[in-house]
Engineer: 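Shown below is the structure under consideration.
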Amino acid sequence: MSDRLVIEFDKALRTLFAPAQTIREVPGSKEPEAELSDRERAHASALMRINHVGEVCAQALYQGQALICRDQTLRQALVKAANEETEHLAWTEHRLVELGGRPSLLNPVWYLGALSIGIAAGKLGDPWSLGFLAETERQVEAHLDHHLSELPNQDTKSRAIVAQMRLDEIAHAETAVRLGARELPSPASMLMKLAARTMTRTAYYI
């Protein structure tokens, strides 16, 4: 257990303070840089900062759930999804730099909060943990749809990243359902939406 905790602590440090790595090519990397006004660039940068925060939280959520999970097949599925989320982290980080933006100053806070939620969800048992995962990914999908409608049309680099992230999140939700996810009660889903709304509004500016 002590070795595992050291490994998980190392993951946290890498997520928060080290450049994320990606195996897949960054979507839109071959697209030309769009001509954006200062206002459009600032808005696109803020949206990508929100997406970066979402990926920091995804790392923590999957980490917390995998830490509690005892089913080897499920743990492997969580690790695989977490690896894809690491790529999303790298993509959004890369795009933030290109746009002249910065990550959220509250990333350590977001991470600790999401890790606690992931552990709590894991303790409820695998079906409920998977249900929480599926609902999270559905809400992220809706959130990414909104960003696609908000990003400047000419910002093809950012739009390509968000579009591929959306496809991956849909696949993660489908995997959770296939592995036996339970449907969460409506109050739980509403509470998750409220928490996500608070996070996104804060991360837009900070």
Engineer: Using the rule that two of Ile, Leu, Val, Met, Phe, Trp, Tyr join whenever any of their side-chain heavy atoms come within less than 4.5 Å, decide whether V26 and L89 are in one cluster.
Structural biologist: no
Engineer: How far does CD of E55 sit from CD1 of I50, to the nearest 0.5 angstrom?
Structural biologist: 13.0 Å
Engineer: Quick one: do S149 and D145 satisfy side chain to side chain contact (heavy atoms under 4.5 Å, CB included)? Show the steps, please.
Structural biologist: CA-CA 7 Å; S149 70; D145 281 337; over 6 Å; no
Engineer: If only side-chain N and O atoms count, and only distance matters, is there a donor-acceptor pair under 3.5 Å linking Q139 with E135?
Structural biologist: yes
Engineer: Quick one: CZ on R49 to CG on N51, what's the gap to the nearest 0.5 Å?
Structural biologist: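 The distance works out to 11.0 Å.
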Engineer: Anything under 3.5 Å between a donor and an acceptor, one on a side chain of residues 40-48, the other on a protein residue two or more places apart or in another chain? List them.
Structural biologist:
residue, atom, partner, partner atom, Å
E40, OE1, S37, N, 3.0
E40, OE1, S37, OG, 3.4
E40, OE1, Q154, NE2, 3.1
E40, OE2, Q154, NE2, 3.4
H43, ND1, Y204, OH, 2.7
H43, NE2, E150, OE1, 3.0

Engineer: Among residues two or more places apart or on two chains, list those pairs meeting ring-ring contact (aromatic ring centres under 6.0 Å, His included) that have a residue in residues 49-77.
Structural biologist: none
Engineer: Side chains of T86 and Q21: donor-acceptor distance under 3.5 Å anywhere?
Structural biologist: no
Engineer: Within this structure, what is the CD-CD distance for the pair E137 and E169, rounded to the nearest 0.5 Å?
Structural biologist: 4.0 Å
Engineer: Got a sec, which pairs hit ring-ring contact (aromatic ring centres under 6.0 Å, His included) with one end in residues 129-161, sequence neighbours left out?
Structural biologist: H143-H147
Engineer: Same hydrophobic cluster for I119 and L16, using side-chain heavy-atom links shorter than 4.5 Å among ILVMFWY?
Structural biologist: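 The answer is yes; both residues are in one hydrophobic cluster.
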Engineer: Nearest 0.5 angstrom please: L124 CG to L130 CG, how far?
Structural biologist: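 Answer rounded to 0.5 Å: 11.5 Å.
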Engineer: Using the test salt bridge (Lys or Arg N to Asp or Glu O under 4.0 Å), find all partners of E35 that sit at least two apart in sequence or belong to another chain.
Structural biologist: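 Partners of E35 by the salt bridge (Lys or Arg N to Asp or Glu O under 4.0 Å) criterion come out as none, since no residue qualifies.
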Engineer: Would V162 and L36 show up in the same hydrophobic cluster when neighbours are defined by side-chain heavy atoms closer than 4.5 Å?
Structural biologist: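 Per the 4.5 Å side-chain linkage, V162 and L36 are co-clustered.
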Engineer: Does D126 have any salt bridge (Lys or Arg N to Asp or Glu O under 4.0 Å) partners at least two apart in sequence or in another chain, and if so, which?
Structural biologist: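 So D126 forms no salt bridge (Lys or Arg N to Asp or Glu O under 4.0 Å) with any residue.
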Engineer: If I compare all heavy atoms of A134 with all of A181, which pair ends up nearest, and what's the gap?
Structural biologist: CB-CB, 4.3 Å
Engineer: Quick one: side chain to side chain donor-acceptor pair (under 3.5 Å) partners of S104, sequence neighbours excluded?
Structural biologist: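 Partners of S104 under the side chain to side chain donor-acceptor pair (under 3.5 Å) test: W110.
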Engineer: Would you mind listing every salt bridge (Lys or Arg N to Asp or Glu O under 4.0 Å) that reaches into residues 15-30, with sequence neighbours excluded?
Structural biologist: R24-E87, R24-D168, E25-K30
Engineer: Can you tell me which residue pairs pass the salt bridge (Lys or Arg N to Asp or Glu O under 4.0 Å) test with a partner in residues 108-122, sequence neighbours excluded?
Structural biologist: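 Listed by first then second residue: nothing to list.
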Engineer: Check for me, please, whether L99 and V53 land in the same ILVMFWY cluster - side-chain distances under 4.5 Å, paths through other members count.
Structural biologist: yes
Engineer: Taking all atoms of both residues into account, what is the closest heavy-atom pair of T22 and A90, and its distance?
Structural biologist: CB-CB, 3.9 Å
Engineer: Roughly how far, to the nearest 0.5 Å, is CD1 of I206 from CG of N107?
Structural biologist: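 Spacing of CG (N107) from CD1 (I206) equals 12.0 Å.
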Engineer: Compile the donor-acceptor pairs under 3.5 Å between side chains in residues 182-197 and protein atoms, sequence neighbours left out, one pair per line.
Structural biologist:
none

Engineer: Honestly curious: do M199 and V140 fall in one hydrophobic cluster under the side-chain, below-4.5 Å linking rule?
Structural biologist: yes
Engineer: Quick one: list whatever passes side chain to side chain donor-acceptor pair (under 3.5 Å) with E85, sequence neighbours left out.
Structural biologist: H88, H172
Engineer: Testing the 3.5 Å rule here: is there a donor-acceptor pair between the side chains of Q65 and S129?
Structural biologist: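 Distance-only check passes for Q65 and S129.
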Engineer: Rounded to the nearest 0.5 Å, what separation is found between the CZ atom of R138 and the CG atom of L133?
Structural biologist: 9.5 Å
Engineer: For R159 and N153, work out which heavy atoms get closest and say how close.
Structural biologist: CD-O, 3.7 Å
Engineer: Please give me the minimum heavy-atom distance between I161 and P27, naming the atom from each residue.
Structural biologist: CG1-O, 3.4 Å
Engineer: Apply side chain to side chain donor-acceptor pair (under 3.5 Å) to T200 and list each qualifying residue two or more places apart in sequence or on a separate chain.
Structural biologist: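 Once residues adjacent in sequence are excluded, T200 has no partner under the side chain to side chain donor-acceptor pair (under 3.5 Å) criterion.
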Engineer: Can you list every salt bridge (Lys or Arg N to Asp or Glu O under 4.0 Å) pair that touches residues 92-114, not counting sequence neighbours?
Structural biologist: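 Qualifying pairs: E33-R95, R95-E98, R95-D155.
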Engineer: The test is salt bridge (Lys or Arg N to Asp or Glu O under 4.0 Å); show your working for E31 and K157 and say whether it passes.
Structural biologist: CA-CA 6 Å; E31 295 289 333; K157 283 180 172 289; over 6 Å; no
